[in-house]
Participant: 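One structure follows; several queries about it will come next.
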Amino acid sequence: MVGKVFSASQLFIGLSVLTNFPFFIFSSYYIAFLKFNGLNYAEMAIVFAVSSLTIGVLDFPTGNFADRYGRKKSIVLAIAFAGVGMIVYGAAKEILTFALGEFFIGVGAALMSGSLEAWFYDEARAVPGVQNAQDVQSTFGAGMGLMNLTAIFAGFIASFLASKSVSLPFFVSGGLLILTALFALVFLNENYGERDIPYTVFLKESLSIVSRSDQLKMAGYRHSSLQCFLSFLLVYLPTIPS
(Lines give C-alpha, C1' and ligand atoms only; values in the text may rest on other atoms or scores of the structure.)
Protein backbone atom coordinates (compact mmCIF):
# COMPACT_ATOMS: atom_id res chain seq x y z
CA MET A 1 0.00 0.00 0.00
CA VAL A 2 1.16 3.55 -0.70
CA GLY A 3 0.63 4.49 2.95
CA LYS A 4 3.49 2.24 4.04
CA VAL A 5 6.00 4.53 2.29
CA PHE A 6 4.19 7.60 0.97
CA SER A 7 0.62 8.75 1.38
CA ALA A 8 -1.57 9.16 -1.68
CA SER A 9 -1.41 12.96 -1.23
CA GLN A 10 2.39 12.95 -1.09
CA LEU A 11 2.58 10.79 -4.19
CA PHE A 12 0.14 12.97 -6.09
CA ILE A 13 1.98 16.20 -5.22
CA GLY A 14 5.39 14.62 -5.84
CA LEU A 15 4.43 13.20 -9.23
CA SER A 16 2.71 16.44 -10.24
CA VAL A 17 5.94 18.33 -9.61
CA LEU A 18 8.29 15.65 -10.99
CA THR A 19 6.35 15.21 -14.22
CA ASN A 20 5.76 18.91 -14.91
CA PHE A 21 9.19 20.31 -14.02
CA PRO A 22 10.94 18.64 -17.01
CA PHE A 23 8.21 20.06 -19.26
CA PHE A 24 8.88 23.54 -17.87
CA ILE A 25 12.57 23.13 -18.75
CA PHE A 26 11.66 21.77 -22.18
CA SER A 27 9.07 24.39 -23.07
CA SER A 28 11.26 27.32 -22.05
CA TYR A 29 13.87 26.40 -24.67
CA TYR A 30 12.49 24.21 -27.44
CA ILE A 31 11.48 26.99 -29.87
CA ALA A 32 15.03 28.36 -29.72
CA PHE A 33 16.36 24.81 -30.17
CA LEU A 34 14.26 24.27 -33.30
CA LYS A 35 15.50 27.58 -34.68
CA PHE A 36 19.10 26.66 -33.82
CA ASN A 37 18.70 23.45 -35.83
CA GLY A 38 17.58 25.33 -38.92
CA LEU A 39 13.82 24.85 -38.90
CA ASN A 40 11.81 27.70 -40.29
CA TYR A 41 8.59 28.85 -38.68
CA ALA A 42 6.35 26.86 -41.01
CA GLU A 43 8.27 23.69 -40.14
CA MET A 44 8.00 24.55 -36.43
CA ALA A 45 4.23 24.82 -36.85
CA ILE A 46 4.14 21.35 -38.41
CA VAL A 47 6.25 19.90 -35.59
CA PHE A 48 4.11 21.58 -32.96
CA ALA A 49 0.92 20.28 -34.60
CA VAL A 50 2.07 16.64 -34.35
CA SER A 51 1.66 16.48 -30.56
CA SER A 52 -1.67 18.35 -30.64
CA LEU A 53 -3.01 15.98 -33.30
CA THR A 54 -1.74 12.94 -31.40
CA ILE A 55 -3.40 14.12 -28.19
CA GLY A 56 -6.64 14.84 -30.04
CA VAL A 57 -6.78 11.37 -31.59
CA LEU A 58 -5.66 9.39 -28.53
CA ASP A 59 -7.16 11.30 -25.61
CA PHE A 60 -10.42 9.33 -25.44
CA PRO A 61 -8.94 5.86 -26.15
CA THR A 62 -6.19 6.31 -23.55
CA GLY A 63 -8.75 7.39 -20.96
CA ASN A 64 -10.60 4.16 -21.54
CA PHE A 65 -7.27 2.28 -21.37
CA ALA A 66 -6.54 3.76 -17.92
CA ASP A 67 -9.99 2.79 -16.63
CA ARG A 68 -9.93 -0.77 -17.98
CA TYR A 69 -6.27 -1.77 -17.60
CA GLY A 70 -5.09 0.39 -14.73
CA ARG A 71 -4.28 4.00 -14.00
CA LYS A 72 -0.85 3.13 -12.68
CA LYS A 73 0.01 1.50 -16.01
CA SER A 74 -1.28 4.56 -17.83
CA ILE A 75 0.71 6.96 -15.64
CA VAL A 76 3.96 5.00 -15.90
CA LEU A 77 3.64 4.64 -19.68
CA ALA A 78 2.73 8.32 -20.01
CA ILE A 79 5.81 9.53 -18.18
CA ALA A 80 8.07 7.08 -20.01
CA PHE A 81 6.71 8.07 -23.45
CA ALA A 82 7.22 11.75 -22.67
CA GLY A 83 10.76 11.08 -21.46
CA VAL A 84 11.63 9.16 -24.62
CA GLY A 85 10.13 11.98 -26.68
CA MET A 86 12.36 14.56 -25.03
CA ILE A 87 15.45 12.43 -25.53
CA VAL A 88 14.54 12.01 -29.22
CA TYR A 89 14.12 15.78 -29.37
CA GLY A 90 17.60 16.33 -27.95
CA ALA A 91 19.15 14.01 -30.52
CA ALA A 92 17.13 15.38 -33.46
CA LYS A 93 18.61 17.45 -36.26
CA GLU A 94 15.80 17.51 -38.83
CA ILE A 95 12.05 17.93 -38.98
CA LEU A 96 11.01 14.24 -39.14
CA THR A 97 12.93 13.38 -35.98
CA PHE A 98 11.53 16.39 -34.16
CA ALA A 99 8.06 15.30 -35.27
CA LEU A 100 8.78 11.81 -33.89
CA GLY A 101 9.75 13.36 -30.56
CA GLU A 102 6.51 15.37 -30.54
CA PHE A 103 4.55 12.19 -31.31
CA PHE A 104 6.00 10.41 -28.26
CA ILE A 105 5.30 13.47 -26.11
CA GLY A 106 1.74 13.58 -27.44
CA VAL A 107 1.19 9.90 -26.61
CA GLY A 108 2.48 10.59 -23.11
CA ALA A 109 0.20 13.59 -22.66
CA ALA A 110 -2.83 11.59 -23.84
CA LEU A 111 -2.05 8.71 -21.47
CA MET A 112 -1.55 11.09 -18.54
CA SER A 113 -4.68 13.17 -19.22
CA GLY A 114 -6.79 12.82 -16.09
CA SER A 115 -5.11 9.58 -15.01
CA LEU A 116 -3.12 10.95 -12.07
CA GLU A 117 -6.10 12.92 -10.74
CA ALA A 118 -8.40 9.90 -11.06
CA TRP A 119 -5.79 7.68 -9.41
CA PHE A 120 -5.44 10.06 -6.47
CA TYR A 121 -9.17 10.56 -6.04
CA ASP A 122 -9.82 6.81 -5.74
CA GLU A 123 -6.81 6.28 -3.47
CA ALA A 124 -7.92 9.16 -1.23
CA ARG A 125 -11.47 7.84 -0.96
CA ALA A 126 -10.09 4.56 0.38
CA VAL A 127 -8.33 6.32 3.29
CA PRO A 128 -10.42 6.90 6.45
CA GLY A 129 -10.85 10.61 7.14
CA VAL A 130 -10.16 11.69 3.55
CA GLN A 131 -13.69 11.27 2.31
CA ASN A 132 -14.62 14.90 1.64
CA ALA A 133 -13.93 17.11 -1.34
CA GLN A 134 -12.10 19.73 0.74
CA ASP A 135 -9.29 17.30 1.58
CA VAL A 136 -8.90 16.40 -2.10
CA GLN A 137 -9.01 20.02 -3.24
CA SER A 138 -6.34 21.05 -0.73
CA THR A 139 -4.01 18.43 -2.21
CA PHE A 140 -4.73 19.66 -5.74
CA GLY A 141 -4.01 23.21 -4.58
CA ALA A 142 -0.73 22.26 -2.94
CA GLY A 143 0.38 20.40 -6.04
CA MET A 144 -0.46 23.35 -8.29
CA GLY A 145 1.34 25.78 -5.98
CA LEU A 146 4.53 23.74 -5.94
CA MET A 147 4.40 23.31 -9.71
CA ASN A 148 4.18 27.08 -10.13
CA LEU A 149 7.19 27.56 -7.88
CA THR A 150 9.29 25.10 -9.88
CA ALA A 151 8.24 26.79 -13.12
CA ILE A 152 9.95 29.97 -11.94
CA PHE A 153 13.32 28.24 -11.91
CA ALA A 154 12.90 26.14 -15.04
CA GLY A 155 13.97 28.85 -17.47
CA PHE A 156 17.15 29.57 -15.50
CA ILE A 157 17.98 25.87 -15.36
CA ALA A 158 17.34 25.48 -19.09
CA SER A 159 19.66 28.42 -19.82
CA PHE A 160 22.38 26.98 -17.61
CA LEU A 161 22.13 23.54 -19.23
CA ALA A 162 22.06 25.03 -22.73
CA SER A 163 25.25 26.95 -21.98
CA LYS A 164 26.97 23.57 -21.61
CA SER A 165 25.31 21.94 -24.62
CA VAL A 166 22.30 22.98 -26.71
CA SER A 167 20.86 19.47 -26.43
CA LEU A 168 21.42 19.10 -22.69
CA PRO A 169 18.07 20.57 -21.51
CA PHE A 170 16.23 17.89 -23.49
CA PHE A 171 18.42 15.00 -22.37
CA VAL A 172 18.16 16.09 -18.74
CA SER A 173 14.38 16.54 -19.01
CA GLY A 174 14.00 13.13 -20.63
CA GLY A 175 16.23 11.48 -18.05
CA LEU A 176 14.27 13.04 -15.19
CA LEU A 177 11.04 11.70 -16.65
CA ILE A 178 12.42 8.19 -17.09
CA LEU A 179 13.49 8.22 -13.42
CA THR A 180 10.05 9.53 -12.46
CA ALA A 181 8.40 6.69 -14.40
CA LEU A 182 10.48 4.19 -12.41
CA PHE A 183 9.48 5.94 -9.19
CA ALA A 184 5.79 5.68 -10.13
CA LEU A 185 6.22 2.03 -11.10
CA VAL A 186 7.62 1.20 -7.67
CA PHE A 187 5.42 3.28 -5.37
CA LEU A 188 1.97 3.63 -6.94
CA ASN A 189 -0.84 1.23 -6.20
CA GLU A 190 -2.92 0.10 -9.14
CA ASN A 191 -6.53 1.19 -9.33
CA TYR A 192 -9.16 1.14 -12.05
CA GLY A 193 -12.20 2.99 -13.32
CA GLU A 194 -15.14 1.39 -15.11
CA ARG A 195 -13.36 -1.73 -16.35
CA ASP A 196 -16.34 -3.34 -18.10
CA ILE A 197 -17.40 -0.42 -20.32
CA PRO A 198 -16.46 -0.94 -24.00
CA TYR A 199 -14.70 1.97 -25.65
CA THR A 200 -17.60 2.78 -27.99
CA VAL A 201 -19.99 3.06 -25.05
CA PHE A 202 -17.43 5.11 -23.10
CA LEU A 203 -17.04 7.52 -26.03
CA LYS A 204 -20.79 7.87 -26.59
CA GLU A 205 -21.49 8.54 -22.90
CA SER A 206 -18.61 11.03 -22.64
CA LEU A 207 -19.76 13.01 -25.68
CA SER A 208 -23.30 12.98 -24.33
CA ILE A 209 -22.16 14.42 -20.99
CA VAL A 210 -20.13 17.14 -22.70
CA SER A 211 -22.99 18.05 -25.04
CA ARG A 212 -25.31 18.59 -22.05
CA SER A 213 -22.85 20.67 -20.02
CA ASP A 214 -22.24 24.32 -20.88
CA GLN A 215 -19.37 24.38 -18.37
CA LEU A 216 -17.54 21.49 -20.06
CA LYS A 217 -18.08 22.97 -23.51
CA MET A 218 -16.72 26.31 -22.30
CA ALA A 219 -13.71 24.57 -20.73
CA GLY A 220 -12.98 22.85 -24.04
CA TYR A 221 -13.32 26.14 -25.88
CA ARG A 222 -10.93 27.87 -23.48
CA HIS A 223 -8.39 25.05 -23.82
CA SER A 224 -8.56 25.18 -27.61
CA SER A 225 -8.26 28.96 -27.57
CA LEU A 226 -5.19 28.76 -25.33
CA GLN A 227 -3.57 26.23 -27.67
CA CYS A 228 -4.24 28.51 -30.64
CA PHE A 229 -2.89 31.54 -28.80
CA LEU A 230 0.30 29.73 -27.80
CA SER A 231 0.80 28.51 -31.36
CA PHE A 232 0.39 32.08 -32.62
CA LEU A 233 2.64 33.55 -29.95
CA LEU A 234 5.48 31.05 -30.22
CA VAL A 235 5.37 30.03 -33.87
CA TYR A 236 3.49 32.43 -36.14
CA LEU A 237 4.08 35.82 -34.50
CA PRO A 238 7.83 35.85 -35.22
CA THR A 239 7.05 35.49 -38.95
CA ILE A 240 5.13 38.78 -39.07
CA PRO A 241 7.38 41.60 -40.34
CA SER A 242 7.91 44.37 -37.79
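Numbers here simply count residues along the sequence, with the first being 1. A quick note: this is a predicted structure, and the numbers were derived from the prediction, not measured.
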Participant: So which residues get pulled into V76's cluster when ILVMFWY side chains under 4.5 Å apart are joined, directly or through others?
Facilitator: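 Result for V76 is L185.
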Participant: Which distance, rounded to the nearest 0.5 Å, do you find between the CZ of F120 and the OG of S7?
Facilitator: 8.0 Å
Participant: Please output the side-chain donor-acceptor pairs of residues 111-118 that fall under 3.5 Å, not counting sequence neighbours, one pair per line with the distance.
Facilitator:
from, atom 1, to, atom 2, distance (Å)
S113, OG, D59, OD1, 3.2
S115, OG, S74, OG, 3.3
S115, OG, L111, O, 2.8

Participant: Could you state the interatomic distance from CE (M147) to CG (N20), rounded to the nearest 0.5 Å?
Facilitator: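 With rounding to 0.5 Å, CE (M147) is 5.0 Å from CG (N20).
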Participant: Taking side chain to side chain contact (heavy atoms under 4.5 Å, CB included) as the definition, give me every residue that meets it alongside F36, ordered by chain and number, with sequence neighbours left out.
Facilitator: V166
Participant: In Å and rounded to the nearest 0.5 Å, what is the CG to CG distance from L18 to L179?
Facilitator: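 CG of L179 is found 9.5 Å from CG of L18.
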Participant: Enter the distance from F98:CZ to F48:CZ here, rounded to the nearest 0.5 Å.
Facilitator: 15.0 Å
Participant: Which residues satisfy the side chain to side chain contact (heavy atoms under 4.5 Å, CB included) test with N191, sequence neighbours excluded?
Facilitator: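 N191: side chain to side chain contact (heavy atoms under 4.5 Å, CB included) contacts with R71, W119, D122, E123.
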Participant: Tell me the side chain to side chain donor-acceptor pair (under 3.5 Å) pairs involving residues 91-103, sequence neighbours left out?
Facilitator: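 Residue pairs with at least one partner in residues 91-103: S51-E102, Y89-E102, E94-T97.
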Participant: Look up atom CG in L177 and atom CG in L182, then write down how far apart they are to the nearest 0.5 Å.
Facilitator: 11.0 Å
Participant: With sequence neighbours excluded, what pairs up with Y29 under the side chain to side chain donor-acceptor pair (under 3.5 Å) test?
Facilitator: none
Participant: Which atom pairs, one a donor and one an acceptor, fall under 3.5 Å between side chains of residues 152-165 and the rest of the protein, sequence neighbours left out?
Facilitator:
from, atom 1, to, atom 2, distance (Å)
S159, OG, G155, O, 3.0
S163, OG, F160, O, 2.5
S165, OG, S167, N, 3.4

Participant: Is I87 close to F170 at the side-chain level, that is, under 4.5 Å between some pair of heavy atoms?
Facilitator: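 No; the side chains remain at least 4.5 Å from each other.
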Participant: Please name all residues satisfying salt bridge (charged side-chain N to carboxylate O under 4.0 Å, His left out) with K73, sequence neighbours left out, ordered by chain then number.
Facilitator: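 Partners of K73 by the salt bridge (charged side-chain N to carboxylate O under 4.0 Å, His left out) criterion, ordered by chain and then number, come out as E190.
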Participant: Which residue pairs pass the salt bridge (Lys or Arg N to Asp or Glu O under 4.0 Å) test with at least one member in residues 23-39, sequence neighbours excluded?
Facilitator: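 Listed by first then second residue: nothing to list.
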Participant: Write out all pairs satisfying side chain to side chain donor-acceptor pair (under 3.5 Å) with one or both partners inside residues 178-188, taking only residues at least two apart or from two chains.
Facilitator: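 Qualifying pairs, neighbours excluded: none.
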Participant: Closest heavy-atom contact between I75 and A184?
Facilitator: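 For I75 and A184, the tightest heavy-atom pair comes out as CG2-CB, 4.5 Å.
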Participant: What's the separation between atom CZ in F23 and atom OG1 in T19, rounded to the nearest 0.5 Å?
Facilitator: 7.5 Å
Participant: The criterion is side chain to side chain contact (heavy atoms under 4.5 Å, CB included); which residues satisfy it with V84, sequence neighbours excluded?
Facilitator: V88, F104, I178
Participant: For A92 and N37, which heavy atoms make the closest approach, and how far apart are they?
Facilitator: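 Scanning both residues, the minimum pair turns out to be O-OD1, 3.9 Å.
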Participant: Which heavy-atom pair separates G106 from I55 by the least distance, and what is that distance?
Facilitator: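 Heavy-atom minimum between the residues: O-CG1, 3.5 Å.
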Participant: Quick one: side chain to side chain contact (heavy atoms under 4.5 Å, CB included) partners of L58, sequence neighbours excluded?
Facilitator: T54, T62, V107, A110
Participant: Sub-3.5 Å donor-acceptor pair from the side chain of K72 to the main-chain atoms of L188, do we have one?
Facilitator: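 Checking the backbone N and O of L188 against the side chain of K72, a donor-acceptor pair under 3.5 Å is found.
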Participant: Look at the rings of F26 and Y30 and say which category their plane angle falls in: under 30° parallel, 30 to 60° tilted, over 60° perpendicular.
Facilitator: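 Plane angle under 30°, so parallel.
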Participant: Would you call F183 and L15 a side-chain contact if the rule is heavy atoms closer than 4.5 Å?
Facilitator: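 With C-beta onward as the side chain, the pair touches.
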